[in-house]
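Every value quoted in this text rests on a predicted model; they were computed, and no experiment measured them. First the proteins, then the strands, lettered A, B, ... as listed; each starts at 1.
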Amino acid sequence: MKMMRDLCVLTMRLLVHNFRMPVFVIMSIVQPIIWLALFGPLFGKVTSLGGFETESYVNFLVPGLAMMAALFGSAYAGMSLLMDSDRGILDRFLATPVSRMALIGAYVAQSGVIVALQATTIILVGLLMGAGMDGGFSGYLVVLFAAFMLGSAFGALSNALALIVPRHDAIIAVMNFVILPLVFLSSMMMATDALPPWIGTIATINPVDWAVRMARGAYFGESWGGVVQYGALLTGFSAVCVMMAVRAFGRFMAKA
Amino acid sequence: MPIIDVKALVKTFPGPVEAVRGIDLDVVQGTIFGLLGPNGAGKSSTVRILATLSQPTAGRAFVAGHDVVGDSDGIRRAIGYVAQASSVDVHLTGTENLYLQGRLFGLGGRDLAQRVETLLQLFDLEDAASRRTKGWSGGMKRRLDLAMGLIHKPKILFLDEPSSGLDPESRSVMWREVKRLSDEEGMTIFLTTHYLEEADRLADQVAIIDKGLIVARGTPSGLKDGLNGDLVSLTFSGKTDTADASTRLRALAMIDTVTVSGQRVDVRTKDGARSIPAIVGALSGLDLQDVAMSRPSLDDVYLSVTGKQFALANAEGHEGAGGRKGAAA
């Protein structure tokens, strides 16, 4: 109970930061929208290759780009923690009886909430561009869940990194190094059947691909069995990432 | 029973840096305790352990009856902690900062609203309270730091260098408030400082820490009286051999101690005014540029127990701390 109350209080604080300084959130929404606006028409004919589940490439891209926003929006979440640490705010909180789990969980929850908002925006823009969402409202909720899980996972990893290597440049460098390959080693932009076989193989162990497949399956209202399967994998991955962040926090405290 | 009880406390950082090397302290409830030392002496390391922000390497410490290792949550409920640098959340308003801090202690509803209002009034922050703290002055942020430390009416308030970086006016406001908290509310205050004047004016008890060890402790007046005499400071030109000056001075019967620090030689004597003619006479032939006499200060206490001037040690500590940020500040 106390943990949940502390988590709400601390997450609200971080969300207030986002709404008062929305540049980063806006940029991470605008980027996938630009991709949607550019790639949709540019590669529009690629769906004729087959395996895309839809004839509209924009329609195909929407759930994938929602996951991209989740990824980009959460990968640098550790910066908030680092800034709080640099400004002494983390110490101020640590000297109170606040739940330690809530303290670290708030940074992860913040990522989850923001990426769900970003995913919603991208779906709305997709709808405006003529994309259809056959999965309906339940499909939309699953896309949000996938974005939340992916965002929480990479938000947790980013926070763990911030606790282990407390440097802004290190977080940027490591996350840049990790994110783009994960995007291109997935079916985010291209149907699985059209991927080179080696990329297809790697994609099976790529959490970003799990999130994309889960979101896309629900968005199109097809293959609900796959949605559940990838949802379970993604939830497990997210849980492991959160545990890593909690462990990193324990190590950070022990070193103080 | 002391409200803060520290036994053989040790803190070693990787390197290894021995920030605290086995200190004993006890603080009586309702008093102001000053831990005085130059930069890098181990003050912040000590206060961070007592505020449960850091684990001791060895030794034991009890705060408000709770063990810093075994019952840190008990301590956190009993203390307020104000760090060396302002930790105000600059994206929030003053009121929001206070509400947030209160909620972390489980406060809420009318009680919290009243407490926030009282603190804003007390620290003269009402007019700015609804503005984001980003544009606040350093003094205002520091007052808000103190208000946040008091939101839950703690038994003990830890202040790590409370007036560091403040202008004289803000410092005076801070001192007045610290004194009021002790005198009127009976709060126990543990403050670290590298300002001699701050320790002298505020603290009921002072412990001087140097290189991780407590080298003197007592009331400020007791420590100064313990020096048993006036200080005569003699400054020589750069070409003068101060070792020669020291030898000549030691030969005088009225001189108790002689300390050489660069081109300055300090002598302690029971009656400074009467001794000066004899001192100057003994130094004939040397290029003596300045003679000054003063009643003992905490700087003199520090000098007598460490053989170094406080300002010099502070500067050295500051340089040292640059290489190992925060380790033993």
Just checking [X]: does its [atom1] atom have more than 12 heavy atoms from other residues, nucleotides or ligands closer to it than 6.0 angstrom?
X        : atom1 : result
A/Met27  : CE    : no
B/Glu185 : CD    : yes
B/Lys7   : NZ    : yes
B/Glu126 : CD    : yes
A/Met12  : CE    : no
A/Met101 : CE    : no
B/Asp127 : CG    : no

When only pairs under 4.5 Å are counted, which of A/Pro97, A/Gly88, A/Ser99 shares the most heavy-atom pairs with chain B?
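Most pairs with chain B among the choices: A/Pro97.
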Determine the option with the most heavy-atom pairs under 4.5 angstrom with chain B, choosing from A/Met83, A/Lys2, A/Met253, A/Arg100.
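Among the listed options, the one with the most contacts to chain B is A/Arg100.
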Check whether B/Val82 gets within reach of chain A through its side chain, its backbone, both or neither, counting any heavy atom under 4.5 Å.
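Interface part for B/Val82: neither.
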Check whether B/Ser72 gets within reach of chain A through its side chain, its backbone, both or neither, counting any heavy atom under 4.5 Å.
neither
Heavy-atom donor-acceptor pair, A/Arg87 side chain to B/Ser87 backbone, under 3.5 Å:
no
For A/Ala95, does its backbone N or O pair with a side-chain atom of B/Arg76 as donor and acceptor, under 3.5 Å?
no
Enter the distance from A/Asn18:CG to B/His91:NE2 here, rounded to the nearest 0.5 Å.
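With rounding to 0.5 Å, CG (A/Asn18) is 9.5 Å from NE2 (B/His91).
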Nearest 0.5 angstrom please: A/Ile89 CD1 to B/Gln101 CD, how far?
10.5 Å
For chain A, the option from [options] that forms the most heavy-atom pairs under 4.5 Å:
options                             : value
B/Ile49, B/Asp73, B/Leu53           : B/Leu53
B/Gln55, B/Arg132, B/Glu96          : B/Arg132
B/Val88, B/Thr52, B/Val90, B/Asp145 : B/Val88

Heavy-atom distance under 4.5 Å to chain B: side chain of A/Val16, backbone, both or neither?
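Contact with chain B: side chain only.
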For a quick test of reading the model, state the closest non-hydrogen atom pair linking [X] to [Y] and the distance between them.
X        : Y       : answer
A/Arg20  : B/Thr93 : NH1-N, 4.1 Å
B/Leu100 : A/Arg13 : CD2-CD, 3.4 Å
B/Asp89  : A/His17 : OD2-NE2, 2.8 Å

Test side chain to side chain contact (heavy atoms under 4.5 Å, CB included) on A/Arg92 and B/Asn97 and set out the steps.
CA-CA 11 Å; A/Arg92 173 157 63 84; B/Asn97 267 290; 3.7 Å; yes
List the steps and the verdict of side chain to side chain contact (heavy atoms under 4.5 Å, CB included) for A/Leu10 and B/Leu104.
CA-CA 9 Å; A/Leu10 292 168; B/Leu104 297 181; 3.9 Å; yes
Pairing of A/Asp91 and B/Arg48 as salt bridge, 4.0 angstrom limit
yes
